[in-house]
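To find a chain, count down the sequence lines: A is the first, B the second, and so on, and within it residues start at 1. Just so you know, these numbers come straight off a predicted model, no measurement behind them.
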Amino acid sequence: METVTLTIKKQPDLRLEAEKITPDAFAGKSAAEIADLPVFEGRETAKLGTYFDVAGKGGATAAETKIVIKGDASRVKYIGMKMTAGEVLIEGSADMYAGAWMEGGKLVVKGDVDAFAGTGMKGGIFEIGGNAGNYLGAAYRGDWRGMQGGTIRVKGNAGSDIGYFMNGGTIIVEGDADVHVATHAEGGTIIIKGNGKSKIGGQMVKGDIYVFGTIDVMMPGFVYRKDVDLEVDGTRATFALYEGDMGERHGKRKGEVIYGKIYQKY
Amino acid sequence: MAEYLIKNGFVFDPVLGIKGDRTDIAVKDGKIVESTALSNPQVIDAAGKTVMAAGVDIHAHVAGPKVNAGRNFRPEDKLFTYKAGKGAMRMAGGFSIPTTFKTGYEYARMGYGTVMEAAMPPLYARHVHEEMRDTPIIDEGAYPVFGNNWFVLEYLKNNELENTAAYISWLLQTTRGYAVKIVNPGGTEAWGWGLNCNSIHDPVPYFDITPAQIMKGLMEANEYLKLPHSIHIHTNNLGNPGNYETTLDTFKLFEGEKPKDSFGRSQVMHHTHVQFHSYGGDNWGNFESKADVMMDYVNAHDNLTIDIGQVTLDETTTMTADGPFEHHLTELNHLKWANRDVELETAAGIVPYIYSPDIKVCGIQWAIGLELALMAKDLMRVFITTDHPNAGPFTRYPRVMKWLMSQKAREAQIDAMKYGDKVRDATFIAGLDRELDLYEIAQMTRAGTAKALGLGHMYGSLKVGMEGDVAVYDYNPETADDPELIEKAFGNAAYLFKAGEMVVRDGDILSNGRKRTLWVDVKVNDNPQVRRDITEKFLKYYTVSEANYEVHEEGYLRNPFRIEVDATQ
């Protein structure tokens with residue numbers, strides 16, 4: 001595997017849109033070719049090399065390419081967008097839309113990510129060492145196709161509206177999550193190991209939510225069914241199972257209505 | 001103004017009967033002229049290329065409140081589609097509901113010069129005109145909707161033909177409209193009561209009139225007014241299995257009727273997007289094509305024209321003044337839905353829709369559209385549309401041409417479907433080996449549509465004296481053998497001349513042209529009753545005053561082009 005190291009040398013005045021920072025775009029390119037890739041600052045098109053020092057070269061394919069980003073990338077959007085393979089390691093933080101529409105490979109952010117990280121994600125592994133912003137693993141504005149596959153793990157806390165219109169995949173938040181979890185979800189799994197707030201599973205059609213800590217207010221559309229013993233992300237415990245959202249349409253499987261499920265740990 | 005001599009192209013002109021002969025076309029002062037009239041022309045070498053009059057689209061939803069509502073509620077339709085402005089072009093984007101600028105550019109790049117907005121809610125006519133004004137290059141007109149309008153329902157209920165005609169005259173003039181559009185007659189009004197009209201004989205609640213009476217009455221008023229275009233119908237029961245009977249009932253309403261206009265059209269009724277109205281079966285399981293029944297009727301009756309409403313197998317945005325149908329659609333696909341009621345006049349609904357090649361019903365819908373064209377005897381009466389954006393975006397017209405011109409391309413598409421064999425079983429597509437030629441495509445996209453619109457004296461032909469609207473495509477009909485070349489060439493015109501100005505070269509937009517807005521000013525005898533009714537309705541019911549309703553030519557219309565008709569005799 002070849003490694004490309006990007007070291008930020010100039011902070012953009014406006015937020016930088018750098019959708020080309022992916023193993024797919026870097027594969028088969030030399031440092032000079034990578035530095036020549038386009039980025040956008042506001043309405044102006046610039047070159048990646050204007051903002052980053054580029055060292056190393058891309059591998060023959062995306063799968064054989066690793067990108068390491070050094071310095072503060074908290075003003076750089078769209079890192080790892082649509083990546084299908086390979087690895088991206090961000091040593092600091094990243095701006096909005098990190099890993100959006102990601103299909104495969106591994107994206108690791110040691111710091112925080114801003115909103116819409118993992119939007120419409122289809123596959124791969126996305127790890128966030130710090131906190132995640134709002135709309136983690138959600139759908140793009142207006143779209144009904146949220147996160148569909150892959151795994152996102154947040155070591156810290158997550159903002160509001162995570163898993164909005166989620167259809168598949170797994171989001172694990174090791175800290176707390178803000179309001180609105182899995183709104184409109186039609187599949188997928190969200191595990192909150194800390195506390196939840198209110199509006200969890202609103203308008204949820206299908207999918208599973210596990211909350212280890214407290215829930216401020218349970219949605220009135222959810223009904224307690226029974227207690228279940230489960231192992232969730234390495235923890236064995238008894239959970240209270242709620243089903244909902246009763247205000248939504250629900251499909252049937254083998255004659256049984258399939259609801260969205262919230263499991264709260266005792 | 002520049003003079004152009006377009007030399008040695010393969011010319012296709014159904015009006016002149018030219019079928020691919022190498023002929024020179026001369027353009028001067030915005031018109032087609034004799035070559036001898038040119039003094040110092042710029043010569044365009046069209047050798048090995050196809051030359052036609054610019055395209056004329058008879059039915060597309062490209063401007064106005066529901067198109068804009070679609071843009072507003074589908075940000076995901078814009079995602080990754082925007083291109084920065086360059087040269088004459090402004091920034092433009094969107095896929096199924098492109099911005100006004102992209103609408104103009106994309107039509108021009110396909111060699112189209114004229115487009116009709118198919119449904120204008122009169123109350124929002126100002127919005128429609130504002131968007132058309134911002135749509136560059138193409139000439140446009142808009143059809144106000146009449147089929148659920150309270151004035152029309154009341155006049156027709158009492159068989160008051162002259163009053164209906166006087167009201168149409170007033171509304172066309174007030175909204176700067178072009179023709180009489182009818183969408184789900186009575187059904188959209190019934191939707192206000194949570195009901196619908198699923199056959200042409202279902203009475204409309206409160207008004208106690210049937211869709212059949214509305215359509216027949218409006219046809220009579222339209223002929224009384226001698227308007228350039230006939231009534232333009234989207235009948236009841238759209239999109240439902242078994243609806244072909246409703247469509248046939250609608251066609252039969254006009255049996256024996258003759259046009260009375262002096263604009264040269266041959267039809268008394270245009271039925272739009274017939275694909276959506278040609279369904280057999282009684283549920284989605286036994287859903288099947290009835291294109292054969294439809295075309296047997298259309299082929300045998302020359303007083304009607306149709307357009308196909310071809311499904312393009314894309315993700316698109318459906319939008320129609322057929323409010324109840326859109327509610328039905330959102331119940332089917334569970335995607336977002338917007339509905340808008342327009343007081344006294346109409347309503348509209350919007351739902352995103354994915355025509356997936358992996359779904360059998362979508363495959364059958366795709367086949368039906370093509371069958372309508374491939375079974376047609378007279379392609380001067382059967383036109384290419386996608387009911388943009390309902391069955392697919394207009395930018396797919398070149399792909400539709402490819403399917404119509406190549407059985408190989410059709411078979412490749414069916415093979416790419418998940419249930420191709422089931423689609424073949426439920427349709428006639430597999431048995432149709434007809435491949436349309438460019439002459440027939442020219443009939444379906446310019447000569448036929450221009451004639452049906454009553455604009456055959458301006459557009460659709462390269463006859464001397466016509467508008468200087470000429471499209472040149474990099475397509476050699478003698479040597480081309482790959483169907484993909486059709487799609488490529490017709491989506492990237494080598495040249496488009498609009499009113500004598502070169503606006504497209506090699507698929508690039510060179511100029512925003514001098515687009516015109518077409519509207520019909522029909523004079524009728526003074527009708528005090530209708531004047532009084534209008535004043536009263538505005539005082540009693542409308543939330544706006546009459547003065548805030550009228551669309552003024554100045555300010556709202558780009559280069560207004562008024563077509564005058566005298567119906568006082």
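Once rounded to the nearest 0.5 Å, the distance linking CZ of Phe80(B) with CD of Glu19(A) reads 7.0 Å. Atom-to-atom distance recorded for Ile354(B):CD1 and Arg145(A):CZ is 4.5 Å, nearest 0.5 angstrom.
Shown here is Arg90(B), whose CZ atom has no more than 12 heavy atoms of other residues, nucleotides or ligands within 6.0 Å. With a 6.0 Å radius and a threshold of 12 heavy atoms from other residues, nucleotides or ligands, Met91(B) has its CE atom at or below the threshold. Enclosure of atom NZ in Lys488(B) is not indicated, since only 12 or fewer non-hydrogen atoms of other residues, nucleotides or ligands lie within 6.0 angstrom.
Judged as a salt bridge (Lys or Arg N to Asp or Glu O under 4.0 Å), the pairs with a partner in residues 318-337 of chain B (not counting sequence neighbours) are, in order, Glu76(B)-Lys336(B).
In this structure, the side chains of Leu79(B) and Trp101(A) come closer than 4.5 Å at one or more pairs of heavy atoms.
In this structure, no portion of Arg43(A) lies under 4.5 Å from any heavy atom of chain B.
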